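Remarks on the structure that follows.
Heavy-atom basis, side chains included; hydrogens, waters and symmetry copies ignored. Bear in mind that the values here come from a model prediction, so they are computed numbers and not experimental data.
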Amino acid sequence: MKVIGKQKNSKMCIMCGLDNEYGVRAPFYNMEDGSVMTVFSYREQHQSYPGRVHGGLITSMLDEMGLRALWAKELSEKSFGVTTSLETKYRKPVPYNETIIGKGMIVKDTPRFCTADVALYDKHGAILANGTVHYIKLDVTKIADNISAHEEMCYLIEDGVTEINFE
């Protein structure tokens, strides 16, 4: 599927923060169908049992993709919100040190709330985990004190990715 743009990364987010030494540091892309996608690998530091990623970090990525799906739909990174509920279904063990592909799509959007369907796949397209995330939209100043979204979401590093497909 064709990439139409890349989203910014933050400084310290556990999923996208480029300055977080323990983070996943995943890139996110706006796709031609209005979804968001990512291609990344968890590392050994993200394990629960040997060879498997911790379920909390799997759910964290699903959560991250949900709000980023809103940014992909709007083609803007101005909307913010917080998760009100999230349901995760773990389908298969998620390995670390292997390519993982994530996809999120907004399925309901109102002026105050939105809902995203999100999933993680292996590089062959087999579903590893999926879920539904519900958000309440809030101004960033109501989410955290002393935050500047412009300062935190500061990295836009173009990488030449023009398509994301399964093998």
Side-chain angles (χ1 to χ4, degrees), residues 1-10 13-18 23-42 53 55 57-96 98-140 143 149-150 152-167:
M1 183 179 316
K2 184 177 174 187
V3 171
I4 61 169
K6 189 169 184 205
Q7 296 182 0
K8 291 180 183 175
N9 284 66
S10 79
C13 171
I14 192 70
M15 291 296 115
C16 76
L18 298 181
V24 176
R25 300 179 181 148
F28 294 89
Y29 304 92
N30 299 327
M31 305 305 292
E32 65 183 334
D33 67 350
S35 70
V36 68
M37 291 186 78
T38 182
V39 180
F40 69 98
S41 295
Y42 288 104
V53 174
L57 289 172
I58 294 165
T59 295
S60 292
M61 181 57 79
L62 296 176
D63 188 15
E64 181 78 10
M65 286 190 306
L67 190 62
R68 285 178 174 274
L70 181 63
W71 292 353
K73 177 183 178 277
E74 295 177 346
L75 294 177
S76 169
E77 297 173 9
K78 293 183 180 179
S79 294
F80 284 88
V82 294
T83 307
T84 59
S85 68
L86 189 157
E87 177 186 6
T88 301
K89 294 179 182 177
Y90 302 99
R91 307 293 183 166
K92 294 182 179 183
V94 176
Y96 51 80
E98 292 189 25
T99 299
I100 305 295
I101 299 171
K103 183 173 183 177
M105 176 79 81
I106 295 297
V107 294
K108 184 176 181 183
D109 190 15
T110 71
R112 188 132 161 91
F113 299 95
C114 66
T115 302
D117 284 343
V118 291
L120 297 179
Y121 304 87
D122 68 17
K123 64 184 177 182
H124 304 291
I127 192 163
L128 302 173
N130 67 308
T132 301
V133 192
H134 301 273
Y135 298 92
I136 183 170
K137 297 177 187 178
L138 294 172
D139 185 273
V140 72
I143 297 171
H150 179 70
E152 179 61 24
M153 296 297 296
C154 62
Y155 296 118
L156 181 58
I157 300 170
E158 294 297 340
D159 53 17
V161 174
T162 59
E163 286 193 44
I164 299 174
N165 298 301
F166 299 107
E167 290 181 359

Exercise. Find out whether Phe80 and Trp71 are in side-chain contact, i.e. whether some heavy atom of one side chain is under 4.5 Å from a heavy atom of the other.
Key: yes

Quiz prompt | Nearest heavy atoms of Leu62 and Gly131, plus distance in Å | solution = CD1-N, 4.2 Å

Quiz item: Asn30 side chain to Ile4 main-chain N or O, any donor-acceptor pair under 3.5 Å?
Solution: no

Self-check item: Heavy-atom check, side chain of Asp33 versus side chain of Lys2, under 4.5 Å
Solution: no

Exercise. Starting from the C-alpha separation in whole Å, work towards a yes-or-no answer on side chain to side chain contact (heavy atoms under 4.5 Å, CB included) for Tyr135 and Leu70.
Key: CA-CA 10 Å; Tyr135 298 92; Leu70 181 63; over 6 Å; no

Quiz item: Passes side chain to side chain contact (heavy atoms under 4.5 Å, CB included), Leu120 versus Met65? Steps please.
Solution: CA-CA 10 Å; Leu120 297 179; Met65 286 190 306; 3.8 Å; yes

Exercise. Could you tell me which non-hydrogen atom of Ser79 sits nearest to which non-hydrogen atom of Glu74, and how far apart they are?
Key: OG-OE1, 2.6 Å

Quiz item: Would you say the side chain of Cys13 lies within less than 4.5 Å of the side chain of Val24, judging by non-hydrogen atoms?
Solution: no

Self-check item: Closest non-hydrogen atom pair between Leu128 and Pro93, with its separation
Solution: CD2-O, 4.0 Å

Practice problem: Give the minimum heavy-atom separation between Ala119 and Asn130, together with the two atoms involved. | Solution: CB-CB, 3.8 Å

Self-check item: Distance, nearest 0.5 Å, that separates NZ of Lys108 from CZ of Phe113
Solution: 9.5 Å

Quiz item: Taking side chain as C-beta onward, heavy atoms only, is Cys16 less than 4.5 Å from Arg68?
Solution: yes

Quiz item: Do any N or O atoms from the side chain of Lys6 and from the backbone of Ile157 form a donor-acceptor pair under 3.5 angstrom?
Solution: yes

Quiz item: Can you tell if the side chain of Val118 reaches within under 4.5 Å of the side chain of Leu86, non-hydrogen atoms only?
Solution: no

Quiz prompt | Distance, nearest 0.5 Å, that separates CE of Met61 from CD1 of Ile100 | solution = 9.5 Å

Quiz prompt | Criterion side chain to side chain contact (heavy atoms under 4.5 Å, CB included) on Lys103 and Met1, from CA distance to verdict | solution = CA-CA 11 Å; Lys103 183 173 183 177; Met1 183 179 316; 3.4 Å; yes

Self-check item: Side-chain donor/acceptor of Ser35 to backbone N/O of Met105, under 3.5 Å
Solution: no

Exercise. Grab the two heavy atoms, one from Pro27 and one from Asp159, that are nearest each other, plus how far apart they are.
Key: CB-OD2, 4.4 Å

Quiz prompt | Close side-chain approach of Arg112 and Ile136, heavy atoms under 4.5 Å | solution = yes

Quiz item: Has the side chain of Tyr90 got a donor or acceptor atom that lies under 3.5 Å from a matching backbone atom of Ile58?
Solution: no

Quiz item: Once you round to the nearest 0.5 Å, how far does CD of Glu163 lie from CD of Glu32?
Solution: 8.0 Å

Quiz item: Backbone N or O of Asp117 within a donor-acceptor pair of the Thr132 side chain at under 3.5 Å?
Solution: no

Practice problem: Using atom types as modelled and distance alone, determine if a side-chain donor or acceptor of Ser41 lies under 3.5 Å from a backbone N or O of Glu98. | Solution: yes

Quiz item: Are side-chain heavy atoms of Lys137 and Asp109 found at a separation under 4.5 Å?
Solution: yes

Exercise. Could you tell me the separation between the CZ atom of Phe28 and the OG1 atom of Thr38, rounded to the nearest 0.5 Å?
Key: 4.5 Å

Quiz item: What is the distance from atom CD of Glu64 to atom CG of Leu57, rounded to the nearest 0.5 Å?
Solution: 12.0 Å

Practice problem: Taking Asn9 for its side chain and Gly17 for its backbone only, find out whether a donor-acceptor pair lies under 3.5 Å. | Solution: no

Quiz item: Do Phe166 and Ile101 come close enough that some side-chain heavy atom pair is under 4.5 Å?
Solution: yes

Exercise. First locate atom OG1 of Thr115, then atom NE2 of His134, and finally report the distance between them rounded to the nearest 0.5 Å.
Key: 4.5 Å

Quiz item: Which heavy atom in Ala116 sits nearest to a heavy atom in Ile106, and how many Å separate them?
Solution: CB-CD1, 4.0 Å

